[in-house]
Amino acid sequence: MGLTKQYLRYVASAVFGVIGSQKGNIVFVTLRGEKGRYVAVPACEHVFIWDLRKGEKILILQGLKQEVTCLCPSPDGLHLAVGYEDGSIRIFSLLSGEGNVTFNGHKAAITTLKYDQLGGRLASGSKDTDVIVWDVINESGLYRLKGHKDAITQALFLREKNLLVTSGKDTMVKWWDLDTQHCFKTMVGHRTEVWGLVLVSEEKRLITGASDSELRVWDIAYLQEIEDLEEPDPKKIKGSSPGVQDTLEAEDGTFEMDEAPEDRILSCRKAGSIMREGRDRVVNLAVEKTGRILACHGTDSVLELFCILSKEEIKKKMDKKMKKARKKAKLHSCKGEEEDPEVNVEMSLQDEIQRVTNIKTSAKIKSFDLIHSPQGELKAVFLLQNNLVELYSLNPSLPTPQPVRTSRITIGGHRSDVRTLSFSSDNIAVLSAAADSIKIWNRSTLQCIRTMTCEYALCSFFVPGDRQVVIGTKTGKLQLYDLASGNLLETIDAHDGALWSMSLSPDQRGFVTGGADKSVKFWDFELVKDENSTQKRLSVKQTRTLQLDEDVLCVSYSPNQKLLAVSLLDCTVKIFYVDTLKFFLSLYGHKLPVICMDISYDGALIATGSADRNVKIWGLDFGDCHKSLFAHDDSVMYLQFVPKSHLFFTAGKDHKIKQWDADKFEHIQTLEGHHQEIWCLAVSPSGDYVVSSSHDKSLRLWERTREPLILEEEREMEREAEYEESVAKEDQPAVPGETQGDSYFTGKKTIETVKAAERIMEAIELYREETAKMKEHKDICKAAGKEVPLPTNPILMAYGSISPSAYVLEIFKGIRSSELEESLLVLPFSYVPDILKLFNEFIQLGSDVELICRCLFFLLRIHFGQITSNQMLVPVIEKLRETTISKVSQVRDVIGFNMAGLDYLKRECEAKSEVMFFADATSHLEEKKRKRKKREKLILTLT
């Protein structure tokens, strides 16, 4: 059976017109060794890297489907962690632009990402109220921290101690001990959501931002240090030192809850508050890397900067105050020459944290990032609400620092949503127009080649010849622009209300407009004498008017220019003869007004799209409705036929674009990509390209491929995708010893983990079959008394004729590190005995000891009861114990030897060049020791 009807597939080709999306945060990234020049911004599902100096996009980190919600660069500057709307995290290399590591553990959008000081661990907080700590080096999850009752807003690692502090919308700030993975302190001194959190003054101070204009400052005292200061009595901490720990009630009556008195590691006491100028909630609160400048902003366009003084500066300040006070006291004391009177000077919080200045941006701030250059200059980069990036710089050490805007990225997108799109007749130029500007884009390079200011545009087209464009505006004006010069040639008051629609006449001599003033007007192009030059310029003149009873929403000429279709606010479409303006047909049936419509190239069909979510296909000969299609889950916003065919595209407020066949009434394909409602689309005159615009500020280009599309296959693929989504949403596998709702592990069940488990099962089955075949083969050889050739399994041949057990090992090595535990979790127990026997073989051979041990320990942990009660497995476990202990200690010795060797080489290098090679010569021995300890903690030892 041949193909009944062949359709060609349209695929997503590019995303442009968006500078930065609102959902994520902007961050400075280090590229080519330069700091403070490049920024990463979320752009729908991608991440764009912009060069602030040139205003160019230099790298795109390609996402999949979900929107980006959070960005965090690694401390070494080589990687960027990206959190997505669906709770997945990907780590991209900034050198290659590839995302090699994926973490799946959260069920909802990622709200915060933070690396620890060395970049070995990554903490992620999400709207699902969990915090997960990931091991970046081993590409796996370490543990999940549960305790918050609402979305996490911030998570920070402490440098000195193995602690994590998190804040949430549940008004809590929680302190976690990462050695034992439990929450040892909950601060409840806030009455509203805690939106921001920073550690300053060498981590002795915590500053929190909530929903009011107060920034609360908390003093942190580590009990270990207090104990050392007081007296070295180990019992002291148990009974809690009265001087410190009982001051849990601060001056304003805020209490703190401690999980258990003996678990107290630190105490927090409220030191006071700094008042912000903003009255609304804190949106972002951050401190730049040196910890000197603190910045915060609310829901407005002002960033407030504060300077945190160092101990030396505070001491100087206090000395000055003291001197002043003494002078005053001397003047007041009538004794004159006698000894100095007692002077007491209190140091306030305002002395330690000083307001520097405010930076006022051109629009509301969505997020910002700070960087301190070695010259003492502070750079602040902003992602604004209106699709704009601005960079400001100032010198905070000056008495009155003045912020200066040094660069902004504006050309790559509109400030507001694009409401109209059109293609030039040669398919090369694309026009997009929004509330304040028109942009002309080159379709092949996606560069913006012209920007012209306009009024609020609603409809547009290229004048035949592609040298001028006409725009219809919300105030009812027609604006005519010249593309070569970018000038506005003429503005004509066409309608008294909004000019909703325009249609170019097929003979290309004029056009028709429809507006909210209940009239349809006919216009002709004409050449008029230009006052400024000798040449003539293009203009338009009105020829006729058709007055109607209702507002006109859409107009469309039939291709033979005999008929004109007019959609009205009374939910009908009226068809008129163009020459006499006599009424011909009325198409009624829609329950809500028809927003968009188009007539096919041969004039046989008219398709109408309405706010009632339906598309109706009518015959233009008798006005009969051929078919009513339920097209979208929300209003149909735009409809256009593909030239020279009866296929048409519709765009809806449900974020989808769909292609339909008007002859067979079939839904051909859905183009998904936009994250918000779609306002309009344009099909190129050749039919090879479609451009769409959306409320997510992006313009998307879709391209027709040569790949045929078969409807049955398309439906099958849709069903498969639905099934894969439902698999991920099913209940997570039950883990013995866990109550329902608890989640001990960091991963989550996804279609990838299910597939990985299936691969393991297939490999074990193949191993069983092959070992049985080998046994049979041996018996046959015995019976025959000679060697009989053994047929090799084709799968094993594809892997280079390896043994069945080696094939199983290959499958285990092929599973992503981050998905390993989840894959083993869904594996039925019947496969476990075979796996344990194979693991024994692998460990004896010394192949991939680390990986095998990780799998082994995980299987023992989750199947402990069944393994211990199975008598057959006792000898296997005994053997495993012996081999594992010996092999692991061997691996550990090798790592120890290698580290000693590297240390030796380091010392040799340093001795040769007489320069400290690996650490700064001025850093103290203590610093070195501390770093070495941390590094050793990170190395994965399997004991």
Side-chain angles (χ1 to χ4, degrees), residues 100-101 120 135-140 142 756-757 759-771 774-775 792-793 795-821 823-825 827 831-864 867-868 870 872-905 935-943:
N100 304 324
V101 185
D135 182 340
V136 178
I137 297 159
N138 195 30
E139 298 179 13
S140 63
L142 291 172
R759 287 204 299 276
I760 296 172
M761 283 149 68
E762 281 164 13
I764 297 295
E765 275 159 15
L766 183 135
Y767 166 74
R768 286 173 183 167
E769 284 168 22
E770 288 301 306
T771 42
M774 279 177 178
K775 234 182 189 176
T792 319
N793 188 308
I795 295 176
L796 298 178
M797 279 178 79
Y799 275 83
S801 301
I802 55 174
S803 68
S805 57
Y807 171 67
V808 175
L809 181 61
E810 284 300 316
I811 292 295
F812 270 103
K813 279 155 78 176
I815 297 170
R816 275 186 178 168
S817 178
S818 55
E819 290 164 3
L820 192 61
E821 274 90 355
S823 309
L824 293 171
L825 197 54
L827 204 65
Y831 292 92
V832 173
D834 287 326
I835 292 176
L836 293 178
K837 284 169 192 162
L838 282 167
F839 280 1
N840 196 17
E841 269 181 50
F842 300 149
I843 292 176
Q844 275 174 339
L845 295 168
S847 44
D848 286 278
V849 177
E850 284 191 29
L851 173 72
I852 298 304
C853 283
R854 190 176 149 198
C855 297
L856 170 66
F857 297 151
F858 186 79
L859 286 173
L860 290 176
R861 200 164 61 182
I862 59 172
H863 296 300
F864 179 77
I867 291 171
T868 47
N870 190 334
M872 308 283 285
L873 288 175
V874 172
V876 180
I877 297 293
E878 280 295 323
K879 274 186 198 163
L880 268 169
R881 193 182 62 162
E882 291 163 22
T883 48
T884 307
I885 290 169
S886 63
K887 283 290 173 189
V888 167
S889 53
Q890 273 182 30
V891 171
R892 197 175 54 191
D893 293 346
V894 168
I895 289 176
F897 179 79
N898 288 345
M899 280 190 69
L902 287 169
D903 263 352
Y904 172 72
L905 285 171
R935 212 170 298 136
E936 282 164 12
K937 263 189 198 171
L938 276 176
I939 287 172
L940 188 68
T941 50
L942 293 158
T943 47

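The side chain to side chain donor-acceptor pair (under 3.5 Å) search around S805 returns S803, not counting sequence neighbours. T771 meets the side chain to side chain donor-acceptor pair (under 3.5 Å) test with no other residue; sequence neighbours excluded. The salt bridge (charged side-chain N to carboxylate O under 4.0 Å, His left out) check on E770 picks up K773, with sequence neighbours excluded. Residues passing the salt bridge (charged side-chain N to carboxylate O under 4.0 Å, His left out) test with E878, sequence neighbours excluded: R881. Residues that satisfy the ring-ring contact (aromatic ring centres under 6.0 Å, His included) test with Y831, not counting sequence neighbours, are absent from this structure. Partners of Q890 according to the side chain to side chain contact (heavy atoms under 4.5 Å, CB included) rule, which considers only residues two or more places apart in sequence or in another chain, are K887. The side chain to side chain donor-acceptor pair (under 3.5 Å) search around S817 returns R854, not counting sequence neighbours. When the salt bridge (charged side-chain N to carboxylate O under 4.0 Å, His left out) test is applied to E765, no partner is found at least two apart in sequence or on another chain. F812 is linked by a ring-ring contact (aromatic ring centres under 6.0 Å, His included) to F839, counting only residues two or more places apart in sequence or in another chain. With sequence neighbours excluded, no residue forms a salt bridge (charged side-chain N to carboxylate O under 4.0 Å, His left out) with K879. Residues passing the ring-ring contact (aromatic ring centres under 6.0 Å, His included) test with F864, sequence neighbours excluded: none.
You'll find the side chain of I835 reaches within 4.5 Å of the side chain of I764, heavy atoms only. When side chains are defined from C-beta on, L880 does not count as touching L860, because their heavy atoms never get closer than 4.5 Å. Side-chain contact between P833 and V876 is absent, with no heavy atoms from C-beta onward closer than 4.5 Å. S140 is not listed as a side-chain neighbour of L820, based on a closest heavy-atom distance of 4.5 Å or more.
Checking side-chain atoms of N870 against main-chain N and O of M872 turns up a donor-acceptor pair under 3.5 Å.
The side-chain contact (heavy atoms from CB on, under 4.5 Å) test with L809 is passed by exactly one of D848, L845, L838: D848.
Put simply, CD1 on I843 and CD1 on I852 are 7.0 Å apart, with the number rounded to the nearest 0.5 Å.
Sorted by first and then second residue, the pairs that involve residues 834-844 and meet side-chain hydrogen bond (donor to acceptor under 3.5 Å, both in side chains), not counting sequence neighbours, are R768-D834, N840-T883.
For R759 and E762, the salt-bridge test fails: no basic side-chain N is under 4.0 Å from an acidic carboxylate O.
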